[in-house]
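Notes follow the structure.
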2 protein chains.
Amino acid sequence: MKTVEAIHNQGGRVTPARRAVISAIVEASGHVSAEEIFSVVHGQSPDIHLSTVYRTLDALEKLGVVEHVHLGHGRAVYHLEDNVHQHLVCDDCGAVLEAPKDLSKQLEQELENRLGFHIRAHHFSILGICKNCYHKKR
Amino acid sequence: MKTVEAIHNQGGRVTPARRAVISAIVEASGHVSAEEIFSVVHGQSPDIHLSTVYRTLDALEKLGVVEHVHLGHGRAVYHLEDNVHQHLVCDDCGAVLEAPKDLSKQLEQELENRLGFHIRAHHFSILGICKNCYHKKR
DNA sequence: ATCTTTGCAAACTTTTTGCACCAAT
DNA sequence: ATTGGTGCAAAAAGTTTGCAAAGAT
């Protein structure tokens, strides 16, 4: 487990709470809020507190294991850093799609050339209306 | 004043508070948080409450006069709907740039063709590192 | 033994809401 | 006179923090 090593290397400690949070994120394999993570973790280990989840997420973020993003309005969601991509978020149904890599690359290039602006791909989010919602009239 | 008419047409009332909020946004001519709007408004009319600002912003949003966006992490910011554009937000210094229109258009087209995803330009925000921050080493 | 992490409770920030009063139409 | 808007205070939602006890190394 790479994550566990990363924690060790930084002088961090591998605790049950941290294991639980990590596996909750891995199992979710998507975009999950702190509370969603908490409810999974808390379901199995009721002694683990919400604030511990937040602190663990913070720690994992510092280690570069997870990343949090604010998709659209509302709370932050976390996802694994190995799954870096750009998010398309439906403003109607909340669906989260991933933008095609080449499209992202292209945009990234152009913004860099023209404005010297360096996209953080993992922090990129576009709101709009997804195919489904668009077709059920709006 | 178009906005005032819009309010009337919906059976809404044009109150001092609403006038104050509207002109605060117009004068700010950028991206302002509810609190920034409040502090301007409150500076001139100390009797106007923060909750009134929020309610007014809500009302104006329903009328399509303003729009709020969550740029990056942190609180919502409001801007006039006539100034629709895509935001580039610097993750370091918080600077907000506007993306070139043609670039946006291109991306918009492609996402539509490929995924059937319809960008809401005004709700679009890209995080990254701006030119300045990028060059002062990172 | 050391020093990080946790549980807990409480604070904080941003936004929303209930209610009685007030004011725009 | 209506009915929508406002002030106020209090709640809600999401996140952070201080502190003493517990646990990983």
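In this text, all values refer to a predicted model and were calculated from it rather than measured experimentally. To find a chain, count down the sequence lines: A is the first, B the second, and so on, and within it residues start at 1. Computation of the quantities below employed the complete heavy-atom set of this structure, encompassing side-chain atoms and omitting hydrogens, waters and symmetry-equivalent molecules.
- A/Arg114 pairs by the side chain to side chain contact (heavy atoms under 4.5 Å, CB included) definition with A/Glu110, B/Pro100, B/Asp102, B/Leu103, not counting sequence neighbours.
- Residue A/Asp58 contributes atom CG, which lies 13 Å from atom C1' of D/dG14 at whole-angstrom precision.
- Contact annotation: the side chain of A/Ile7 approaches that of A/Arg18 to within less than 4.5 Å [non-hydrogen atoms, C-beta and beyond].
- Interatomic distance, A/Tyr78 OH to A/Thr56 OG1, rounded to the nearest 0.5 Å: 10.5 Å.
- Nearest-nucleotide positions on DNA chain C for B/Tyr78 and B/Arg13 put B/Tyr78 closer to the 5' end.
- A search for side-chain hydrogen bond (donor to acceptor under 3.5 Å, both in side chains) contacts involving A/Asp47 returns nothing, not counting sequence neighbours.
- The CD atom of A/Gln10 sits 16 Å away from the C1' atom of D/dT25 (whole-angstrom rounding).
- At least one side-chain heavy atom of A/Ile37 sits less than 4.5 Å from a side-chain heavy atom of A/Val32.
- Chain A approaches DNA chain C within less than 4.0 angstrom (heavy atoms of the protein), and the contacting nucleotides run 5' to 3' from C/dC3 to C/dC8.
- At a cut-off of 3.5 angstrom, the base of D/dG7 holds at least one donor-acceptor pair with the side chain of B/Arg55.
- A sub-4.0 Å separation between OP1 or OP2 of D/dA24 and a side-chain N or O of A/Thr15 is absent.
- Once rounded to the nearest 0.5 Å, the distance linking CD of A/Glu67 with NE2 of A/His79 reads 5.5 Å.
- Overall, the helix from C/dA1-D/dT25 to C/dT25-D/dA1 carries an axis bend of 30° between its ends, with five pairs at each end and the value rounded to 10°.
- Between A/Val14 and A/Thr3 the shortest side-chain heavy-atom distance does not fall below 4.5 Å.
- A heavy-atom distance below 4.5 Å is not found between the side chains of A/Ile22 and A/Arg19.
- Of the possible polar contacts, none joining the A/Arg75 side chain to the A/Ser33 backbone as a donor-acceptor pair under 3.5 Å is found.
- Considering all non-hydrogen atoms of both residues, B/Val41 and B/Ala24 come closest at CG2-CB, 3.9 Å.
- The phosphate of D/dT16 (OP1 or OP2) has no side-chain N or O of A/Tyr54 nearer than 4.0 angstrom.
- Here the side chains of A/Gln109 and A/Asn113 are in contact, with some heavy-atom distance below 4.5 Å.
- Between A/Phe38 atom CZ and D/dT15 atom P there is a gap of 13 Å when expressed in whole angstrom units.
- Residues A/Ile48 and A/His42 fail the side-chain proximity criterion, which asks for heavy atoms closer than 4.5 Å.
- Here the P atom of nucleotide D/dG14 and the NE2 atom of A/His68 are 14 Å apart, to the nearest Å.
- The CZ-P distance, from B/Arg19 to D/dT6, rounds to 12 Å in whole Å.
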For nucleotides 11-13 of chain D, tabulate all protein N/O to nucleotide N/O atom pairs closer than 3.5 Å, reporting atom names and distance.
none

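- Under the 4.5 Å side-chain criterion, counting only non-hydrogen atoms from C-beta, B/Glu61 is not in contact with B/Val65.
- Taking the side chain as every heavy atom from C-beta outward, B/Leu57 and B/His68 never approach each other to under 4.5 Å.
- Computed from coordinates, the B/Ile7 CD1 to D/dT6 C1' distance equals 15 Å when rounded to whole Å.
- Using a 4.0 Å cutoff on non-hydrogen atoms, the parts of residues 41-51 of chain A near DNA chain D are A/Leu50, A/Ser51, ordered by number.
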